[in-house]
Amino acid sequence: GKGNYRHFMEKELHEHPVVLGDTLRQHIDPATRAVVLPPLPFDPAVVPRITFSACGSAYLAAQVGRYWIEQVARIPVDSDVASELRYRDPPLPEGGAALLVSQSGETADTLAALRLLKQRGQHVLAVVNVSESTMDRESDGTLLTIAGPEIGVASTKAFTAQLAVLASLALGFGRARGTLSAGEEARLTAALLEVPGHAAALLEKGSEIQDMAREVALARDVLFLGRGSLYPIALEGALKLKEISYIHAEGYAAGEMKHGPIALIDRDVPVIALCPSGPLFEKTASNLQEAAARGGRIMAFTDAAGAPALRRFAERVVVLPTVDPFVAPILHAIPVQLLAYHVAVLKGTDVDQPRNLAKAVTVE
Ligand code: F6R
């Protein structure tokens with residue numbers, strides 16, 4: 001049941017800390033701070049390429065995984081939504097790896113991509129939440145997210161659990177390839193293990209996000225911006241908002257804004273920015289300043305170090321815990337999901353059962 005929560009989605013949002021902890025502990029030894037991966041259907045030390053495929057939010061988790069694996073393990077990664085990949089006929093290297101990401105393990109397009117990639121000689125690893133699902137059974141190997149049943153149609157805790165698995169994989173691959181030192185591994189696993197605690201703290205201070213939701217609920221269009229591994233989280237924010245509140249939202253790479261979407265900017269379009277301090281901070285902040293100069297109302301998620309610079313032009317700045325840039329996408333996923341939830345509640349939509357959507361899309 002929903003317990004004391006109004007909706008399954010609200011309950012599931014509050015499960016982020018536990019789910020993240022349970023999923024991370026599967027792959028990180030807290031004593032040695034080393035990543036411990038189960039036997040995989042391919043050798044990450046020599047695999048020539050990884051092809052990610054998935055749908056919806058699971059695809060956005062895969063996009064973050066792509067940034068992580070390329071950055072940490074220096075493996076070439078391709079990724080595509082399953083409905084495109086299955087008809088794209090991409091050239092695939094002998095002995096390549098395929099990673100499918102799915103909460104249900106039953107999504108028709110992702111399953112078709114899995115079968116195609118397998119038939120084309122790729123070693124298929126599935127990241128799924130439902131044990132004994134079709135993808136679990138048909139893949140060469142499975143890594144389970146420990147998110148428990150997800151009832152709300154919009155994915156929440158399963159998404160961050162997917163990120164937890166993919167972050168662990170990126171670090172494990174980096175070690176296997178010799179691109180990540182043991183010291184860096186220990187530093188980044190420590191950063192990951194702190195995320196559940198930060199997530200709990202974030203859920204406590206929901207009132208700032210509720211205030212933001214009151215303004216966003218009045219908008220007809222919303223723009224989400226981010227760079228690097230925060231770009232897929234901007235897409236996740238936009239997806240979740242349109243899915244459950246029916247407000248039109250778009251996610252953009254912050255640097256791409258001046259190539260078109262800046263034409264939309266006026267007082268009526270909130271610009272929600274994911275802008276933690278780190279190597280891409282200055283670049284993102286300057287994109288936001290350009291939007292503010294055109295009357296855009298900037299609402300930014302950042303950390304203590306990023307807040308002062310953004311406060312100079314942003315209408316709202318929400319300060320999230322200070323974390324290593326590697327884990328920032330996991331932490332930022334939570335407030336954008338919460339925002340979508342609060343906006344939907346204000347609009348009075350059916351949060352757990354949005355119109356026209358099914359929890360698992362088992363037809364093409
Ligand atoms: C978004 C959402 C959907 C699913 C997509 C894939 O909130 O829930 O976009 O992520 O339908 O479903 P799975 O992960 O079951 O393959």
Side-chain angles (χ1 to χ4, degrees), residues 7-13 15-16 19 23 52-65 79-86 98-115 117 124-139 142-166 224 232-247 249-251 333-341 343-344 349-364:
H7 302 100
F8 281 106
M9 185 176 177
E10 185 188 24
K11 173 172 181 266
E12 288 161 4
L13 281 162
E15 286 170 7
H16 277 304
V19 162
T23 303
F52 267 112
S53 200
C55 299
S57 280
Y59 171 68
L60 301 176
Q63 290 282 85
V64 178
S79 66
D80 207 348
V81 290
S83 56
E84 284 300 315
L85 186 108
R86 59 183 293 196
L99 258 73
L100 288 306
V101 185
S102 175
Q103 189 284 127
S104 62
E106 304 294 346
T107 300
D109 281 318
T110 311
L111 185 58
L114 182 158
R115 288 172 179 158
L117 290 161
V124 175
L125 180 63
V127 177
V128 299
N129 193 44
V130 180
S131 170
E132 293 303 316
S133 57
T134 312
M135 284 181 222
D136 178 17
R137 283 185 277 107
E138 291 197 16
S139 58
T142 298
L143 295 176
L144 287 176
T145 47
I146 315 296
E150 194 179 62
I151 310 294
V153 162
S155 185
T156 51
K157 58 179 180 165
F159 177 76
T160 51
Q162 287 159 356
L163 294 181
V165 167
L166 295 171
F224 285 79
I233 304 302
L235 296 172
E236 164 70 0
L239 175 62
K240 216 109 291 180
L241 188 67
K242 64 189 141 196
E243 173 175 40
I244 61 170
S245 78
Y246 314 147
I247 293 175
E250 288 197 55
I334 297 170
V336 299
Q337 291 181 348
L338 269 175
L339 178 69
Y341 172 75
V343 173
T349 57
D350 190 344
V351 177
D352 287 332
Q353 283 287 335
R355 66 188 182 204
N356 309 339
L357 292 174
K359 183 65 184 160
V361 182
T362 53
V363 293
E364 184 178 353

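Since this is a predicted model, take the numbers as computed values, not measurements. First listed ligand is number 1; within each ligand, the first listed atom is number 1.
Between the side chains of Glu106 and Thr134, at least one donor N or O lies within less than 3.5 Å of an accepting N or O. A donor atom on one side chain and an acceptor atom on the other are not found under 3.5 Å apart for Gln162 and Gln103.
Among the atoms of Ser155, some N or O lies under 3.5 angstrom from an N or O of ligand 1. Where the criterion is an N or O separation shorter than 3.5 Å, residue side chain and backbone included, Thr110 fails it with respect to ligand 1.
Looking at atom 12 (O) of ligand 1, its nearest protein heavy atom turns out to be Thr107 OG1, 3.5 Å. Of the protein's non-hydrogen atoms, Glu243 OE2, 3.6 Å is the one closest to atom 2 (C) of ligand 1. The protein non-hydrogen atom at the shortest distance from atom 14 (O) of ligand 1 is Gln103 N, 2.6 Å. For atom 6 (C) of ligand 1, the closest heavy atom belonging to the protein is Cys55 O, 3.3 Å. When hydrogens are left out, the protein atom nearest atom 4 (C) of ligand 1 is Ser57 N, 4.0 Å; that is the closest non-hydrogen contact.
In the vicinity of Lys240, heavy-atom distances shorter than 4.0 Å reach the ligand 1 atoms 1 (C), 7 (O). Counting atoms of ligand 1 from 1 in the listed order, those under 4.0 Å from a heavy atom of Ser104 are 13 (P), 15 (O), 16 (O). Interface of Val153 with ligand 1, defined as ligand atoms under 4.0 Å from a residue heavy atom, comprises 8 (O). The ligand atoms of ligand 1 that sit less than 4.0 angstrom from a heavy atom of Gly56 are 9 (O), 10 (O). Interface atoms of ligand 1 facing Ala58, defined by a heavy-atom separation under 4.0 Å, are 10 (O), 14 (O).
Heavy-atom proximity to atom 11 (O) of ligand 1, evaluated over Leu100, Val361, Val128, is greatest for Val361.
Distances from ligand 1 to the non-hydrogen atoms of Asn129 include no value under 4.0 Å.
A search for salt bridge (Lys or Arg N to Asp or Glu O under 4.0 Å) contacts involving Glu150 returns Lys359, not counting sequence neighbours. Asp109 is linked by a side-chain contact (heavy atoms from CB on, under 4.5 Å) to Cys55, Ala82, Ser83, Arg86, Glu364, counting only residues two or more places apart in sequence or in another chain.
Lys157 and Pro149 get closest at one heavy-atom pair: NZ-O, 2.8 Å. In this structure, Val64 and Leu163 approach most closely via the heavy-atom pair CB-CD2, 3.7 Å.
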Could you give me the CA-CA distance, side-chain angles and deciding distance for Leu241 and Phe224, then say whether side chain to side chain contact (heavy atoms under 4.5 Å, CB included) is met?
-> CA-CA 10 Å; Leu241 188 67; Phe224 285 79; 4.0 Å; yes

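With values rounded to the nearest 0.5 angstrom, Gln63 atom CD is found 12.0 Å from Ser57 atom OG.
In terms of modelled atom types and a separation under 3.5 Å, the side chain of Ser53 and the main chain of Asp80 share a donor-acceptor contact.
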